[in-house]
2 protein chains.
Amino acid sequence: MGISGGRDRPVGRPRRRQEEGTGVIPSDGPGFDEVIARSQAACDALSEEEDGLKREVLAHAGNRWPLGVVHALGVAGTLRHAELARRLEGVTQRMLTRTLRQLERDGLILRHDHREVPPRVDYALTELGRGLLMGMMPLWTWVIDNAASFRAARRRFDGQDAP
Amino acid sequence: MGISGGRDRPVGRPRRRQEEGTGVIPSDGPGFDEVIARSQAACDALSEEEDGLKREVLAHAGNRWPLGVVHALGVAGTLRHAELARRLEGVTQRMLTRTLRQLERDGLILRHDHREVPPRVDYALTELGRGLLMGMMPLWTWVIDNAASFRAARRRFDGQDAP
DNA sequence: CAGCATCCCCAAGGATACTG
DNA sequence: CAGTATCCTTGGGGATGCTG
């Protein structure tokens, strides 16, 4: 489904020239309009099920641990449960296990149980997992680069209606 | 903080050659290792506060409506509350308002209240908002392109331990 | 029209204790 | 070591009704 409603309101798109001082990188310039147009087309072509799936996969990006796990595995290659726990710092076994199961379910990581005693299980990224990691990087670094802008925006917002 | 623990375990990174049949695009090839290395450096340099901020901003990507709003505004340029509600299809006023406030707080959209009767308020992306949209696109289209892989992975996972 | 108030549900996430 | 099982808190999100 995606965007509903009709094509009403051609809108000359008169934006540009309205941010008072967010002081940000000129991240568009290449081709904002073209990018948007293509993505709109892609989204309109999505079935309801595909749309749901898309959001569920994207949700990994918004949750606490998934990206940390994927990143750690991307760096190290293969890690055991305890090694991941050490690298994530702060994660509980419960959350780590849950996270790993979900990532495995979505085909982003592979779980290999050596079936030994004591237990030995290690995890590695799949091709899909590496793709996600690669896809996240631009956004990730962009967010980091603009951390100051976000902080400033929040302070402005929180300060003008709260006190 | 980021990744904790030491540099232990150089790990020759012996991956590659382990996905049984996820059947995905060869999304790396350009420079997976370099990308990871750079991102690790960036993450290690993050303060705890920056790390939290990063996750909070990224969370917009995982939630139900934020990206829909940003996308709609990216396409249309400027939209009123009701116009957004129509385009989002399924959103309630409550969630739309909440979403808009959060996006405004993070400096991603601008809210312009014309202070008329009847009320007239419209929203537009800020430079930061356009940046987020641009940053999301690669990942977004990647997820859409690989929807089939995710579906397959889930079916495989759900089928092998549930029944 | 824009949006706040209220009620309710559920998944993410933390803490803690226990097991094969 | 790698997990389960329990309990509890938050915040996203849907439904519905009311107001300036």
Side-chain angles (χ1 to χ4, degrees), chain A residues 5 9 48 51-52 55-69 72-73 78-106 109-124 157 161-162, chain B residues 5 9 48 51-52 55-70 72-73 78-106 109-124 161-162:
Chain A
R9 217 144 172 282
E48 234 173 287
D51 190 65
R55 285 189 300 98
E56 287 180 47
V57 174
L58 244 7
H60 288 308
N63 292 345
R64 184 78 180 82
W65 306 109
L67 280 190
V69 170
L73 289 177
T78 293
L79 291 172
R80 300 179 58 176
H81 182 103
E83 293 173 324
L84 273 167
R86 228 171 301 125
R87 278 182 169 71
L88 260 16
E89 188 172 71
V91 72
T92 59
Q93 308 92 313
R94 188 178 112 81
M95 283 317 295
L96 180 53
T97 302
R98 264 159 83 54
T99 301
L100 288 168
R101 287 298 116 80
Q102 289 174 337
L103 290 175
E104 188 193 0
R105 180 167 117 92
D106 281 344
I109 65 174
L110 277 179
R111 186 188 121 102
H112 184 208
D113 188 340
H114 294 258
R115 305 200 136 282
E116 298 172 355
V117 223
R120 175 183 182 76
V121 181
D122 45 37
Y123 298 88
F157 185 91
D161 66 344
Chain B
R9 218 143 173 283
E48 234 175 287
D51 190 66
R55 285 189 300 98
E56 287 179 48
V57 173
L58 244 8
H60 289 309
N63 292 344
R64 183 78 181 83
W65 304 109
L67 280 190
V69 169
V70 171
L73 290 177
T78 293
L79 291 170
R80 301 179 58 176
H81 183 103
E83 293 173 324
L84 274 168
R86 228 172 299 126
R87 277 180 170 73
L88 261 13
E89 188 172 72
V91 72
T92 57
Q93 306 93 314
R94 188 179 111 84
M95 284 317 295
L96 181 52
T97 302
R98 264 159 80 58
T99 301
L100 288 168
R101 286 300 114 78
Q102 290 175 338
L103 292 175
E104 187 193 359
R105 181 167 117 93
D106 280 344
I109 65 175
L110 277 179
R111 185 189 122 102
H112 183 208
D113 188 341
H114 293 259
R115 306 200 137 281
E116 296 172 358
V117 223
R120 175 185 181 77
V121 181
D122 45 38
Y123 298 88
D161 66 345

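Throughout, a chain's letter reflects where its sequence line sits, starting with A, and its residues are numbered from 1.
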Between [atom2] of [N] and [atom1] of [X], the distance in whole Å:
| X | N | atom1 | atom2 | result |
| --- | --- | --- | --- | --- |
| Arg55(A) | dG12(D) | CZ | C1' | 12 Å |
| Arg115(B) | dG20(D) | CZ | C1' | 12 Å |
| His81(B) | dA2(C) | NE2 | C1' | 6 Å |
| Glu116(A) | dA2(D) | CD | C1' | 13 Å |
| His114(B) | dA2(C) | NE2 | P | 10 Å |
| Glu83(B) | dC1(C) | CD | P | 11 Å |
| Leu67(A) | dA12(C) | CG | P | 15 Å |
| Asp113(B) | dA2(C) | CG | C1' | 9 Å |

Which is true for [X] with a 4.0 Å heavy-atom rule: it touches a base, it touches only sugar-phosphate, or it touches nothing?
| X | answer |
| --- | --- |
| Glu56(A) | nothing |
| Gln102(A) | sugar-phosphate |
| Arg101(A) | sugar-phosphate |

Open item on the list: Please compare Val121(B) and Pro66(A) by the position of their nearest nucleotide in DNA chain C and report the one closer to 5'.
Closed with: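 Nearest nucleotide further toward 5': that of Val121(B).
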Open item on the list: By nearest heavy atom, map Pro118(A) and Trp65(A) onto DNA chain C; which one lands nearer the 5' end?
Closed with: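 Its nearest nucleotide lies further toward 5', so the answer is Trp65(A).
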Looking at side-chain heavy atoms only, is the closest gap between [X] and [Y] below 4.5 Å?
| X | Y | result |
| --- | --- | --- |
| His81(B) | Thr97(B) | yes |
| Val91(A) | Thr99(A) | no |
| Val70(B) | His60(B) | no |

Side-chain N,O ([X]) to OP1/OP2 ([N]) below 4.0 Å:
| X | N | answer |
| --- | --- | --- |
| Arg98(B) | dG11(D) | no |
| Arg80(A) | dA2(D) | yes |
| Arg94(B) | dT6(C) | no |
| Gln93(A) | dT16(C) | no |

Task: Which nucleotide in dG14(D), dA2(C), dG14(C) has an atom nearest any side-chain atom of Met95(B) - done: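 Nucleotide nearest to Met95(B)'s side chain: dG14(D).
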Open item on the list: Let me spell it out: for each of Val91(B) and Pro119(B), pick the nucleotide of DNA chain D with the closest heavy atom. Which residue's pick is nearer the 5' end?
Closed with: Val91(B)
Task: Contacts of Arg64(A) that satisfy side-chain contact (heavy atoms from CB on, under 4.5 Å) - sequence neighbours left out - done: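 With neighbours one apart ignored, the set is Arg55(B).
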- [ ] With side-chain contact (heavy atoms from CB on, under 4.5 Å) as the test, would you mind laying out the steps for Val69(B) and Leu79(B) before giving the verdict?
- [x] CA-CA 10 Å; Val69(B) 169; Leu79(B) 291 170; over 6 Å; no
